[in-house]
Amino acid sequence: GENVEQHPSTLSVQEGDSAVIKCTYSDSASNYFPWYKQELGKRPQLIIDIRSNVGEKKDQRIAVTLNKTAKHFSLHITETQPEDSAVYFCAAPRRGSGNTGKLIFGQGTTLQVKP
Amino acid sequence: EPEVTQTPSHQVTQMGQEVILRCVPISNHLYFYWYRQILGQKVEFLVSFYNNEISEKSEIFDDQFSVERPDGSNFTLKIRSTKLEDSAMYFCASQEGAAGLQFFGPGTRLTVL
């Protein structure tokens with residue numbers, strides 16, 4: 001089936017604390033896993049992705065981990081700041097004809113960083 | 001940095017009317033997508049387009065929907081006879097190659113009255 005499960009649905013942290021968002025996927029053929037940040041009324045903005053041949057990737061305060069065996073991947077934000085407040089979506093591609101890969105999105109996590 | 005653009009930003013229409021949503025993908029990208037997002041919900045796939053034809057479409061993408069790439073730059077989504085439940089944010093996305101990342105446009109908020 002096509003399913004990406006994302007938890008938690010809401011997350012509230014104090015500024016400076018870490019935030020972790022977790023996703024599971026079902027399609028073993030998915031070969032990369034992007035994370036999108038969406039501020040209210042704005043586009044989903046790609047913030048980081050991880051390829052299926054890598055276990056971890058870091059970009060400043062953001063890191064993603066991937067466990068292919070368990071079909072889990074996670075987003076870690078350290079030293080959170082108020083401007084990190086947004087809805088975060090994980091996604092996994094599902095290969096279709098013509099080599100297109102529609103993204104299956106998780107349900108989203110609303111992150112609130114309290115100053 | 002090149003970005004996907006979409007027009008209009010907001011479209012209000014009466015039920016039963018036709019609407020055309022426009023997208024200009026990033027110029028060297030080859031794969032194009034439409035997604036929609038009902039308020040407060042997740043982003044859902046509608047259709048993918050490659051090599052001037054539809055590659056895949058979802059159950060949402062029924063006979064009322066069509067896509068076109070009329071010239072080398074624009075990618076349009078047409079809804080022939082809008083329904084109330086078509087009210088949503090519609091996002092266009094483009095992708096450079098089969099293994100590339102998808103970049104989203106700013107969206108068109110469609111309101112059907």
Side-chain angles (χ1 to χ4, degrees), chain A residues 1-10 21 23-25 27 29-54 57 59 64 73 86-110, chain B residues 1-6 9-10 23 25-26 29-61 67 69 75 88-109 111:
Chain A
E2 305 177 347
N3 218 17
V4 175
E5 296 289 332
Q6 182 173 348
H7 300 280
S9 56
T10 60
I21 303 170
C23 288
T24 60
Y25 63 97
D27 184 4
S30 295
N31 57 355
Y32 75 98
F33 304 92
W35 285 89
Y36 290 86
K37 175 184 179 183
Q38 188 178 33
E39 294 171 355
L40 194 61
K42 301 273 182 73
R43 76 182 80 198
Q45 184 181 6
L46 179 70
I47 55 172
I48 196 167
D49 74 290
I50 189 167
R51 299 279 152 171
S52 59
N53 58 349
V54 171
K57 181 177 177 181
D59 182 4
V64 288
F73 59 112
V87 181
Y88 290 81
F89 290 96
C90 62
R94 175 87 175 187
R95 232 8 100 189
S97 62
N99 232 1
T100 55
K102 66 183 180 186
L103 289 176
I104 308 298
F105 282 83
Q107 296 91 331
T109 296
T110 301
Chain B
E1 191 172 323
E3 284 190 331
V4 178
T5 59
Q6 287 183 246
S9 56
H10 192 186
C23 168
I26 296 172
H29 285 195
L30 301 175
Y31 298 82
F32 313 110
Y33 303 83
W34 283 100
Y35 293 85
R36 80 168 186 193
Q37 186 179 32
I38 293 169
L39 189 63
Q41 297 187 21
K42 68 177 180 179
V43 179
E44 299 176 286
F45 167 77
L46 290 178
V47 65
S48 58
F49 192 87
Y50 170 69
N51 205 25
N52 283 321
E53 59 183 21
I54 289 174
S55 296
E56 188 175 0
K57 53 187 180 179
S58 71
E59 289 176 357
I60 303 166
F61 195 91
V67 288
R69 189 156 159 82
F75 179 49
M89 196 79 164
Y90 287 80
F91 292 104
C92 170
S94 73
Q95 181 181 18
E96 184 177 3
L101 298 168
Q102 291 184 30
F103 295 91
F104 283 73
T108 293
R109 180 168 298 286
T111 303

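Proteins get letters first, then strands, A, B, ... in listed order; numbering begins at 1 in each.
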Is [X] close to chain B through its backbone or its side chain, or both, or neither, when contacts mean heavy atoms under 4.5 Å?
X     : result
A:K42 : backbone
A:N31 : neither
A:L46 : side chain
A:Q38 : side chain

Inset, instruction - Go through the atoms of B:Q6 and report whether side chain, backbone, both or neither lie under 4.5 Å from a heavy atom of chain A. - result: neither
Closest non-hydrogen atom pair between [X] and [Y], with its separation:
X      : Y     : value
A:F89  : B:K42 : CE2-CA, 3.7 Å
A:L103 : B:F45 : O-CB, 4.2 Å
A:P44  : B:F91 : CD-CE2, 3.6 Å

Legend entry - Neighbour count >12 (heavy atoms, 6.0 Å) for atom NZ, B:K57: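 Not more than 12 within 6.0 Å, no.
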Inset, instruction - Look at A:G106, A:G41, A:G108, A:P93 and state which one has the largest set of heavy-atom pairs under 4.5 Å with chain B. - result: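 Greatest number of close heavy-atom pairs with chain B: A:G106.
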Legend entry - Interface residue of largest heavy-atom contact number with chain A, from B:F32, B:F103, B:Y35, under 4.5 Å: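 Option with the top pair count is B:Y35.
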Legend entry - Salt-bridge contact B:E56-A:R94 (side-chain N to carboxylate O under 4.0 Å): no
Legend entry - B:Q102 side chain to A:P34 backbone, donor-acceptor under 3.5 Å: no
Legend entry - Verdict with reasoning, B:E3 to A:R43, per side chain to side chain contact (heavy atoms under 4.5 Å, CB included): CA-CA 11 Å; B:E3 284 190 331; A:R43 76 182 80 198; 3.6 Å; yes
